[in-house]
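Below, chain A is the first sequence line, B the second, and so on; all start at residue 1.
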Amino acid sequence: GGATNTPATTTPAATDSTAASGDTILRLTCTTTPDTCDPAKGSGENDDNLYVNVYEALVKPNTADGSAEPWLATEWAYDEATNTYTFQLRDDVVFADGAAFTAADVKYSMDRMLAINDGYAYLYTNYVDSTEVIDERTVAFHLNQTYGPFISSLEKFYILNATAMTANTEAAGDYGENGDYGTKYLLNHSAGSGAYEVTAFEVNNSYKLAQNAAWWGEAGEAAPKNVEMMQLTDAATSKMLLQSGEVDLLHGHQESSTVASLTAGGYQSAAVEEYGLDYFMINTKSQPTDDVHIRKAISYACDYDAMSKIYGGCAPATGPIPSSLWGYSADTTQFTYDLEKAKAEIAQSAYADSLASHPIEIDYIQGNGETGKLCMLLAEALQSVGFTVSIEEVPWVSFCDNETDVSTSPNITNCFVTASYPEAGSLLETKYASWTLGNYNQNEWLQDDALDAMILDALSTVNDDERSQKYAEIQRYITGEVVPSVYTFVSTAKPVWNAASFDWCVAEGNIRGVLEWNFYYNDFTMLG
Amino acid sequence: MSQNSMIEVKELRKEFKTKFGTLIAVDGVNFTIQKGEIFGLVGESGSGKSTIGSMLVGTYGPTAGTVTFQGDTDISIPAKRRSAQLKQEIQLVFQDPGSSLNPRKTVRQILTVPVKQFAEKRLSGQEMEQRVQDALLQVGLPIGYLDKYPRAIGGGEKQLVCVARALAAHPKFIVLDEPTSALDVSIQAKVTNKLRQLQQKNDLSYLFITHNMCLVRNICDRLAVMYLGNICEYADTAEFFTNPKHPYTQMLLASIPVLSDEEEALKPQKIKSVGEIPSPLHKPSGCPFHPRCPFKKSVCEQETPQMREVSPGHFACCHCI
Amino acid sequence: MAEILKIENLSVQYQVYEGVLEVIPGLSLHVREGERVGLIGETGCGKTTVLKAAAAVLHCPPAKMQVDTIEVCGMATNSRAGVKNVRKNVSMIFQDPSTALNPTLKISTQMMDILKSQFPKLSRASYTEKMMDALRSVSMPAPERVLDSYPIQLSGGMRQRVCISMALMKDTRLIIADEPTTALDVTIEEQILELLDHLVQEKKKSLIIVSHALGAIRKITDYVYVMYAGNIVEYGTTREVFQSPLHPYTDGLLAATPKLTGDGIADGIAGDIPRYINPPKGCRFADRCPRASAQCREQAPTLQPIGSGERLVACFAAQKEAKAL
Amino acid sequence: MKKSGNMILKKILHMVFILLLLSLIVFSFIRLIPGDPVKSSLGPLASEDTIAQYRHQLYFDRPLLVQWFHWLTGVVTRGDFGTSLYTHRAVSLDIAQYLPKSLELCALAALLILVLGVFFGTLAALFKNTWVDNLIRFITYLGVVTPAYAFGIVFLLIFAYGKGAFPIGGFPTIPAEFVRTGAPALDCLLSGQFALFVKCMQSYFLPCISVAIGSIAYQARIHRSSMVENVNADYIAFAEVAGVSKGKLICKHLMKPSFIPTLTVYGLQVASLLGNAFIIENIFRINGFSQYALNVILNKDPYGIIAVTIIFGIIFSVVNMLVDIGVAMLDPRIRLRGGQ
Amino acid sequence: MAKTHSTLEAQQYHPKLEMLKRSWYKFSKNPMSMIGLIIVVLVFCVTAFCNVIAPFAEDAGIITHMSEAFQGPSLKHLCGTDDYGRDVFSRMLIGFRPSMGIAAIVLLISVPLGVFLGLLAGYYQGTLVDTVITRITELFMSVPPLILAMVVCCMFTNNYVFCALGIAVAWWPWYTRITYNLVVSLTNELYITYTELSGIGMLRIIFSEMLPNLVSSIITKMTLDTGSIILTASSMSYVGLGVQPPTPSLGSMVSDGVSYLPEYWWLSVMPAVAVIVIVMGFNLLGDGLTDVLSVEEK
Ligand SMILES: Nc1ncnc2c1ncn2[C@@H]1O[C@H](COP(=O)(O)OP(=O)(O)OP(=O)(O)O)[C@@H](O)[C@H]1O
Ligand SMILES: Nc1ncnc2c1ncn2[C@@H]1O[C@H](COP(=O)(O)OP(=O)(O)OP(=O)(O)O)[C@@H](O)[C@H]1O
Ligand SMILES: [Mg+2]
Ligand SMILES: [Mg+2]
């Protein structure tokens, strides 16, 4: 289906009043804006939110289930023998500066991604061996091992304008002959082919986008001409800003009380499910949580309903993978809130008699919504079954710092993790594979060889059905035998907005699993 | 002579380095204070009286010249380098009784300091108390005052406490720097009388610095008049008041305001002063008084006059005599 | 002769932290045209307070004033017009020249502001000329330099002369001088007193002066009020009062003053001024008085004329004696 | 004139010395930080080599004094404060971006403090012990004891419903062609955009008041007591008797000496404004220097921390120097005695 | 001898006590100071016995009552409940502890250190020691206390001891300065000159003559500073530095409650009011002490 060059707009016949008015502005807030506009650097929800609007990838997620559909590539082929993917590229694409998009741009972007080795690079470093420009419209990726989700993963591979980048590269830099690889330039400029381009960028404060006049696609008729994203850490201020009309939309996970008070005041809100979960990650290498019975006890001590209620009633999790994600399996060992069972598990553990001398430390990220409450609920329950518990609220930097080493990692941390591409493998790999160890997504420190092998095997399975079965097997294994984490509920964003400002697919219930695509501004229809 | 002398000052000189140049506060001064006498030092404000007093008690040392104590001890050194005995024997009472008593201490605590410091041996609590009480009783204040704070007692009484503090050290010589000028006449009278009594009883010598000529007349045995760092006249009190020689002295005496015609008659002929008081920073050449002197001659502007003995024990420093 | 200043039944209280100071319980005095009047008394007996009340500047918050009459040049001062009249007819020399001049303003600025209020529209040059004249009139050497100085650049004597010249810049009928010569050398004191005396006599002004130097008072005043703890205790011509004091307090003051005759000093008056919070209800001097009787402690004596009537005294003993005579 | 020039020169040298010392101390302090800021800034995927190389590049593997000297030469010769591990760019760029706004905010707040503090202080002093005085005293007491964030929140709540008269969401966009200094209001003025300037001032209103209000209250109290002290001074009575008009008496004879303690306190207040502004900057979304300081500190960014402390040091020293000069100008006693 | 003895015994008169009585009399006549004193005494009591006084003391620990969240003030919950259903009043009372603890640590460190250095500089007035100490003092003064405290707190451990250490680092220079200035002005006093001339050792002069004169200024400053430190600490806990949740601190309670404004106003308003009242108490007390402890003539 190479013809899908514009996403289906949900706009019912665009109102003529807005079309005429020249400068429509969509103003949003989020808790953190990206550090740079460089798609090789960022890897979070908020980064992607910017990237999808200013850059484009070879494929993009399908609105229905997130599976890849053609975008800058019209079609592709896989050669099993050489383990090579060959992509045919569109010929009508131009970058924001007017330069035509060619295979060289793809190669440049991939080489750069791998050289910088930051952000989403981990999706490719272990697999992509080289990129070959076959002709202006054809590009091939030579993989060094089979990689099932490769096409899906390319959703995160944003193509840069190679000519513009080389023109703006500084000779002095960390990347040898490539100088700084244009990293300085991308600090506050964009070089993509997306519907918007960056016009202003202030680190940790705001960025502004304007419609890309040269865009090859079809701009939504009443799509905002300008977009302003503000970073706002103070929940009270964001609430006030919406109320005073200074912003139109509060992005991200708003606290349930904020949502409640705003919707009571006539603002609109929606629950947008993501391909991710909220996890309690249990350190399997430190006492007393190195005992599986203790971990099971923790899983029993978790009041799943109450926790989901704190977040305004999110869908429960049944295992490490949210049900909407491709590769999900329902066939897992599920835990329920049952303190008696928890006690029983403790009794079976090696620490049954020495619980008091093995305190449990629970960490969560400062200022991260209501995770503190989740931790409190868990801590309270754990205390009631006999654990000594302490809670710590840690600034983001220290949180990350602590988790670079198993000895400084706390017993339990709470964190949301979402898939990088819409497939179970993404979550399984980031959560449990040894090679992605040492970051805040992996407080478990599993280092389980058997599991590693299973994940690797699944990922290198190209056949979808086989891969899906292998994913199911892994989920069974993890929940049944290892129990490294507690799966609380599906990560659900709660944007709140002023319905008088714009029409939005989310408003109509058209929610996409890949969160950032809900904020594809070209889909918005500004109202008077 | 030196047998009898308490303090002998020779060619005493003190300079201060200031931002605006060197200030000669005391410029070669000679005088002797005999044992058991009250020696008055009067003169213009800023003429260097306090500076002399300070050098005697050792606030700082002189720039040049010598001061001999009791004929043999050289005390032209600051107090830091003086022996404990010297510190004890020479005491000081300041002009401002308000600031010379620590407001946070009771009179007892204040008096304990010198008693303890200058005791010849380690004192028991009782002995200490005894001595402190003695010191207070000596100046005629009731024992009840021991437990008062300075702010609870009047100005004259404060000054008496200062005197008691000086006496507690059992000194031989006390420098009194304008001890009564902050006080009312009636209190002044009380304090002065007390001082005089104590001097006689304890056989003390005083250097009595003041502005008040009438006071000097009544309590000093001898006195010197200072003008701009120099002594211009120096005599027995009676002689001085009946037979002033120096024009400045005459001017001073003539301008004393008095209470009765009887006193008026004792004053010398009035001399109209001319000119302005020079600053010690820019001391005039020759006789320091010449810019204001109605009798000045050309020699006064060039040559510094020498001290001359006009009659036995009466010295003056003027070209005109 | 007309009364230039007339104060009747003045009472002043200061509200302080510890309570109310009943400083002046009810005081009357007057200055007639052309008279030079002295006011003497110990420290803290309220002399400055009386003078400030006369000059209508006793309005700072701690002071609470009640009075039957304060008249300056026949006009009560308790109205706006009255205050204006005071400003026009009274100049005052303050006790302490080092606090009476604004430390942050040049002498010329301070003098200029006074001149401007009197002669609103003059040229700069004529203002300067007037200022120079004023300074010269107090025989100030180098007036240009003085004008261009700040108060701290001047010596105490110069400051006092500046104060006097500023006070005299106004052509007023009454001069109030509060210890104009304390902290000055005798020679300078004499100069300043003579200057003051000269101005008063020459220009036919009236003068009320406070001084601790009784000799100075004797020298330049015609009449003298003796004040004790907020009350006038004796009044008369200066000569009479100094020659034959009637009130034991006056007597004590004079006796305590050292004389040039050199026959020793009397022992001063015993004791202190009573505290102004709850002062004694009888004669305030009773506690220190060698002649105090039971009556003195019960009842406050009032000023009664003795002899001709130009002489007043507030002492039961003295009054009785006079009657007996 | 020459003398005061010398005095200022001496003060500047003194200040430079203090700042050098300060930077050296902060440097040694940074070295004590547990953990490895370089490593954590590069993220979990960075290899040992990359870390070592980056460390070398940042001079973190050299002896303290070498590192300090390198940094110092950078600052002196190129205005280069090193690279931030937090924003990943030159600290000097960050400073240029964040500082102007905050300085502008603080300058406006400082103006408010002076004007309102003196105004209310004067009012209270002139109407001493009346209801005006009591009211002002009560309010200023509240002002002094209330934390700045409380004011921020209260204003936020009050004005959120004002619908935009005083915006709470930061500044209007200044088009790039008008940006000269980085301080929004100043830029608007410089490029003659008065409508935009008014908007900027509206945006400044609430944060300014919130930052300044505690200091205004304190300043008013100080000014009141200093005025009251001077009202009772003899020279005021003297000038009054001498016939100086009421207006001049208050505005000149009373105000000038009263200003001396006021100014001294004012200096301290102004010098500490910037350091206390971060909560207010956060609440009112002014992405300024105070916020930046908070962020570099929270992120343990070595060069950022050093730059931030030095900037605070400079501001403190400069403000104090200005205040000293101001006080010397007001008070001839200090000027003529050379501060002795 | 016997006579003096009897007078001594007859005189059960303690000047210090008398002075205290006098001061107390003066102090107690000022209603503002008394209010300050009462507040401060209450604050100390609460700090000491908060666990006993607080109706739901356990709410300061790991506990939740989600079902009772966001209840308005009532008789049971005087200041309502928070988002966890915990009793705001109890948490507020317990939140006094870190505030007071920080103030105590800061003062315990900065007062002795600052005063000692101030005395030292005053003792060696005009020498190298003086210069060095003065320069160091200026150095530490030039960085805002809040920033210094944050640096210390972030660099090491985020708890209230380090928070206090950080504030103390910024606080002591002010004590050095005030002490130094007092010592310098005291050295001009004649009673100090007298003791110097009598050959009394400098150390004795400093400790027995000067220190009593410093104490009142320092105590007054300490009282006023307690208020400022509590404000500073509450600003720090507002941004999450200081005590760790769930342990409450007044600043963090305010900041946590802000996002629930205006519906659930009691969450942040109540602790904010508590901060204001505490700080006001110390300020009133300090002002009262200033009046009483300064020695005025007469
Ligand atoms: N420590 C000092 N440094 C500089 N100059 C000083 C110092 N002490 C005194 N002087 C100056 O020395 C001169 C003499 O001062 P001194 O105090 O001895 O005068 P005095 O006769 O006691 O005056 P007064 O009667 O006013 O007390 C004055 O001009 C004074 O300014
Ligand atoms: N502003 C004030 N506040 C409180 N008490 C005051 C005030 N001014 C004067 N007093 C008190 O009033 C009394 C009289 O003061 P006043 O200044 O009139 O005395 P005085 O006779 O001029 O004394 P001196 O000779 O010392 O100048 C004193 O006890 C003083 O303490
Ligand atoms: Mg002297
Ligand atoms: Mg007076």
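- Counting only heavy atoms from C-beta outward, the side chains of C:Asn102 and D:Lys256 never approach each other to under 4.5 Å.
- One distance of note links CG of D:Asp234 with CE of C:Met92; it measures 8.0 Å at 0.5 Å rounding.
- Within 6.0 Å of atom CZ in D:Phe259, more than 12 heavy atoms from other residues, nucleotides or ligands are found, so the atom counts as buried in its surroundings.
- Side-chain contact between D:Pro332 and C:Thr104: present, with at least one pair of heavy atoms (C-beta onward) separated by less than 4.5 Å.
- Considering only heavy atoms from C-beta on, C:Pro103 comes within 4.5 Å of D:Tyr235 through its side chain.
- When the heavy atoms of residues 202-210 of chain C are compared with those of chain D, none of the residues falls under 4.5 Å.
- For a residue to count as touching a neighbouring chain, one of its non-hydrogen atoms must lie under 4.5 Å from one of that chain's; by this rule C:Thr99 touches chain D with backbone and side chain alike.
- Using a 4.5 Å heavy-atom threshold, the side chains of C:Lys116 and D:Val244 count as separate.
- Taking NZ of D:Lys252 as the start and CG of C:Asp113 as the end, the distance is 3.5 Å to the nearest 0.5 Å.
- Proximity to chain C is absent for every atom of D:Ala233, based on heavy atoms less than 4.5 angstrom apart.
- Of the possible polar contacts, none joining the C:Arg87 side chain to the D:Ala242 backbone as a donor-acceptor pair under 3.5 Å is found.
- C:Lys106 is linked by a salt bridge (Lys or Arg N to Asp or Glu O under 4.0 Å) to C:Asp148, counting only residues two or more places apart in sequence or in another chain.
- Counting heavy atoms from C-beta outward, C:Met166 and D:Phe238 have side chains that approach closer than 4.5 Å.
- Interface residue D:Ile260: only side-chain heavy atoms are found under 4.5 Å from chain C.
- Across every non-hydrogen atom of C:Ser117 and D:Gly243, the tightest pair is OG-O, 2.7 Å.
- We find the CD-NZ distance between C:Gln110 and D:Lys248 to be 13.0 Å, quoted to the nearest 0.5 Å.
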